[in-house]
Amino acid sequence: MTGPTNAPSEQPGGGVPAAAPPVGATSGAPAEYPPASPAGRGMFGIQGSGDTSGFGGLVRRRASVAGSERPYGGYFDEVCDALEEAYPAFADAIEKVIVDRGELTLHIRPERIAEVCRVMRDDESLRFELCSSVSGVDYLGADERRLHVVYQLTSMTYRRRVRLEAAVSAEDPHLPSVTAVYPTADWQERETYDMFGVIFDGHPALTRILMPDDWEGHPQRKDYPLGGVPVEYKGAEIPPPDKRRSYQ
């Protein structure tokens, strides 16, 4: 069985195929933007017959976002102490520290993220040389700064891991690019921009990387419409989500 394909439209009279305009990317498509639902209820914010997930009645407990108290345990105190000593703006840059499920997360003021990453990489007591991932999360209805960008850092020298997290609003989704510090963040920031609409100021070429260049909207935002392009296989076609049967 062949993999999924998107059939391009052909130019009149044959020749090189021309890209077809995306279908289902805007609110004028068959799937309109769903009405907002309370955070933690349902799966995709859909109400009524549009819920094809079967999770319309799901109610999720909202995790606590309060900062953790010292001592954090393990090497976490050493990392925070080293960062505070090496970075004079520590008190202004660090919004809170979360230790949960054996993982350390430092919540950073958006405008300070590149500075913090540079210190995390260069300080002799930290040496977080690798940024293995830059990704996005949408906390629609749960946080006024609903778009969070998450950076996974690894110290190859000390065999340690830490997570940095910066939050921006959908109305002003800007924060500095960290590509000058971690070149691996180049395509990862492009993917986060493409899927969530976060704008990384200073990125060398912030263009879409997954969706077509003329695509409208950002598909992994939670208020993005569920309609879309049918997935075509050899001898079969999977309809877009808004055309599938709904579960009551």
Side-chain angles (χ1 to χ4, degrees), residues 22 25-29 32-40 44-45 62-67 83 87-98 105-121 131 133-153 162-226:
T26 67
S27 59
E32 300 291 335
Y33 280 96
S37 64
F44 300 106
R62 186 177 300 173
S64 173
V65 293
L83 180 59
Y87 185 49
F90 179 90
D92 178 62
I94 308 302
E95 296 181 338
K96 59 185 173 182
V97 178
I98 302 292
T105 303
L106 304 180
H107 288 254
I108 313 296
R109 291 173 63 92
E111 63 272 19
R112 298 283 193 174
I113 185 65
E115 297 175 6
V116 172
C117 283
R118 189 173 297 276
V119 175
M120 296 290 286
R121 184 195 67 180
C131 177
S133 173
V134 179
S135 57
V137 186
D138 184 359
Y139 290 101
L140 176 64
D143 192 341
E144 291 183 358
R145 297 182 300 165
R146 53 181 274 202
L147 301 177
H148 290 217
V149 180
V150 180
Y151 306 79
Q152 302 285 354
L153 305 185
V162 66
R163 179 188 299 109
L164 306 183
E165 189 166 333
V168 296
S169 67
E171 294 72 30
D172 184 24
H174 290 262
L175 74 166
S177 171
V178 301
T179 54
V181 182
Y182 296 115
T184 54
D186 188 329
W187 64 268
Q188 297 169 341
E189 288 184 349
R190 287 178 60 193
E191 185 174 286
T192 305
Y193 160 71
D194 197 356
M195 295 289 103
F196 292 92
V198 177
I199 300 172
F200 296 91
D201 297 324
H203 190 283
L206 192 62
T207 57
R208 291 188 182 272
I209 192 172
L210 299 175
M211 308 302 291
D213 291 340
D214 58 349
W215 195 265
E216 299 181 27
H218 305 283
Q220 287 191 346
R221 286 193 179 187
K222 289 186 178 178
D223 55 4
Y224 187 81
L226 284 180

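Note that CZ of R118 and CZ of R112 are 14.5 Å apart. Values are rounded to the nearest 0.5 Å. I209 CD1 to M195 CE: the interatomic distance, rounded to the nearest 0.5 Å, is 10.0 Å. To the nearest 0.5 Å, atom CG of residue L210 and atom CH2 of residue W187 are 9.0 Å apart. The line from NE2 of H174 to CG of L147 is 11.5 Å long, rounded to the nearest 0.5 Å. Here the CE-CG distance, from M120 to L83, works out to 6.0 Å after rounding to the nearest 0.5 Å. Atom CG of L206 sits about 7.5 Å away from atom CD1 of I199, to the nearest 0.5 Å.
Using a 4.5 Å heavy-atom cutoff, the side chains of E191 and Q188 are not in contact. By the 4.5 Å heavy-atom criterion applied to side chains, I108 and Y151 are not counted as neighbours. E165 is not listed as a side-chain neighbour of E95, based on a closest heavy-atom distance of 4.5 Å or more. Taking the side chain as every heavy atom from C-beta outward, V149 and F200 approach each other to under 4.5 Å.
The minimum heavy-atom distance linking D186 with P204 is given by the pair OD2-CG, 3.9 Å. The shortest non-hydrogen separation linking V134 to A185 is CG2-CB, 4.0 Å. The nearest pair of heavy atoms linking P176 to P110 is CD-O, 3.1 Å. The heavy-atom pair separating H218 from Y224 by the smallest distance is O-CD1, 3.5 Å. Contact record, A93 with V116: CB-CG2, 4.2 Å, taken as the closest heavy-atom pair. Nearest heavy atom pair, residue P173 against residue A170, reads CD-O, 3.6 Å.
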Practice item. Show the numbers, then the answer: is there a side chain to side chain contact (heavy atoms under 4.5 Å, CB included) between L153 and Y182? Key: CA-CA 10 Å; L153 305 185; Y182 296 115; 3.8 Å; yes

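A donor-acceptor contact shorter than 3.5 Å links the side chain of E189 to the backbone of V178. Within the 3.5 Å criterion, the main-chain N or O of T207 finds a donor-acceptor partner in the side chain of R190. Listed for the T184 side chain is a donor-acceptor partner under 3.5 Å among the backbone atoms of C131. Side-chain N or O atoms of D138 include none that pairs as donor or acceptor with a backbone N or O of F196 at under 3.5 Å.
A salt bridge does not link R208 with D213: none of the charged nitrogens is closer than 4.0 Å to a carboxylate oxygen.
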